Asker: 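Pasting in a structure now, in structure tokens, and then I'll have a few things to ask.
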2 protein chains.
Amino acid sequence: MPKRRKPAGARGISEKKELLNTFLKEWGLKSTRQRDIIVTEFLKTGGHITAEDIYRKISKKHQDIGFTTVYRTLKLLVKSRLATERVFADNLTRYEPLSAEDHHDHLICLGCGSITEFENARMERLQEKIARESGFNTVAHKMELYGYCGRCGSGSRGGKKQPGTKKNAPAPQKNRNNR
Amino acid sequence: MPKRRKPAGARGISEKKELLNTFLKEWGLKSTRQRDIIVTEFLKTGGHITAEDIYRKISKKHQDIGFTTVYRTLKLLVKSRLATERVFADNLTRYEPLSAEDHHDHLICLGCGSITEFENARMERLQEKIARESGFNTVAHKMELYGYCGRCGSGSRGGKKQPGTKKNAPAPQKNRNNR
DNA sequence: GGAAATTTTGAAAATGAATTTCATTTTCCT
DNA sequence: AGGAAAATGAAATTCATTTTCAAAATTTCC
């Protein structure tokens, strides 16, 4: 019943880039090399990625693109409704491509850090019902399940142990600004 | 069906303070005037409160109690399992008293900022089911419904318009440290 | 094609909440 | 009371995020 979603990346990238360009024109904003590169990488990567992640990926090839621009471009995608921001338990802001009517929740593995999306109509209905019975009118919800995925088992064993939280971030690494 | 919870504050305050003192002794920690004041205020207030909030309340009467101590005491309550931390959409860390088997979710009003708790067994079961079907073993979940409460209606009208998000925080006010 | 107008960019600085440091004070134990 | 250990408060630090500002790029208009 909870249907796994097809990865939002992969196809439709050029269509989305079109949508962005339309948005830019409508608002009197400009198309730039940087925006194109960033958006392409973002859409290609798929989702649940931080500005930092994208910045790192991109700056391997394009040392001249700064973190700030990546950050701003991602915000732009949010404004143009081509992406959404999400903040999970590690308190990092992640972005994911958004397609129109899209609505889903997340399963987050505490072992490997993987994030799986799911959709469940019954859940949605139940949420509505609960809200209604309390006199609420819901406009949004947030639902995250934390646990261990199949590969990571149920506890300390297995898993790639992706850090994720800032508590135990191992890499020192300062100053995210480039140059 | 979604049962509203009785306010966790009000009664059992002294019992909880007992539990805290037991915890302190067990760990070789000390009872102090500050801790007592902070914990009393926290339990009295109820829940969904930030360290800042408590600090402000307390420092009216006790100018000698610093923010740091409030912060640390709240963390202590979390460690001793008398409270939990929650982070909602405004990215502020809130604390709420926790009683043993306690398990609930939240309805958050975007109008007045009120936070209502609810419990729903059906929801829990559904979450388990969804996780299981994806091969996940859940250890925790987070579920928040955002909308407008009865008093705030369905949109721009009514409501006390408590700021809440940092986007439009009106009060300037710097330096949370005291003195 | 070129200049003006406007937007974008990148580095650095600022912000703001959370957390740590450190010197001093307080509590606990005997 | 005396001494060891923990707690406290102010200030400093951290860290992601956001803003600032001068220089560079894009678009528009002639």
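For clarity, every value in this text was computed on a predicted model and none was experimentally measured. A, B, ... follow the sequence lines: proteins, then strands. Residue 1 opens every chain.
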Asker: Taking atom C1' of C:dG16 as reference, at what distance in whole Å does atom CG of B:Asp90 sit?
Answerer: 13 Å

Asker: Measure from CG on B:Asp53 to P on C:dA17 and round the result to the nearest Å.
Answerer: 11 Å

Asker: Between B:Lys142 and B:Glu144, does any side-chain N to carboxylate O distance fall below 4.0 Å?
Answerer: yes

Asker: Whole Å only: how far is the CG atom of A:Asp64 from the P atom of C:dT9?
Answerer: 11 Å

Asker: Reckon B:Thr50 touches a base, only the sugar-phosphate, or nothing at all at heavy-atom distances under 4.0 Å?
Answerer: nothing

Asker: Just how far, in rounded Å, is P of D:dT26 from CG of A:Asp36?
Answerer: 12 Å

Asker: Going by the rule salt bridge (charged side-chain N to carboxylate O under 4.0 Å, His left out), which residues pair with B:Arg33 if we only count those two or more places apart in sequence or in a different chain?
Answerer: B:Asp64

Asker: Treating primed atoms plus P, OP1 and OP2 as sugar-phosphate and everything else as base, which nucleotides of nucleotides 20-30 of chain C get B, S or - for protein heavy atoms under 4.0 Å?
Answerer: BB-----BS--

Asker: One thing to verify: whether A:Glu96 and A:Arg86 come together as a salt bridge, which I'm taking to mean a side-chain N less than 4.0 angstrom from a carboxylate O.
Answerer: yes

Asker: Establish, from distance only, whether the side-chain atoms of A:His141 and A:Gln127 form a donor-acceptor pair under 3.5 Å.
Answerer: yes

Asker: How close or far is atom P of D:dA5 from atom CH2 of B:Trp27, stated in whole angstroms?
Answerer: 18 Å

Asker: Nearest-Å distance, CG (B:Leu92) to C1' (C:dT15)?
Answerer: 14 Å

Asker: Tell me, please, which residues at least two apart from B:Lys17 pass salt bridge (charged side-chain N to carboxylate O under 4.0 Å, His left out).
Answerer: B:Asp36

Asker: Rounding to an integer number of Å, can you tell me how far B:Glu52 CD sits from C:dT15 P?
Answerer: 17 Å

Asker: Atom CD of B:Glu26 and atom P of D:dA5: how far apart are they, to the nearest Å?
Answerer: 21 Å

Asker: Do A:Arg132 and A:Glu128 meet the salt-bridge criterion of a basic N to acidic O distance under 4.0 Å?
Answerer: no

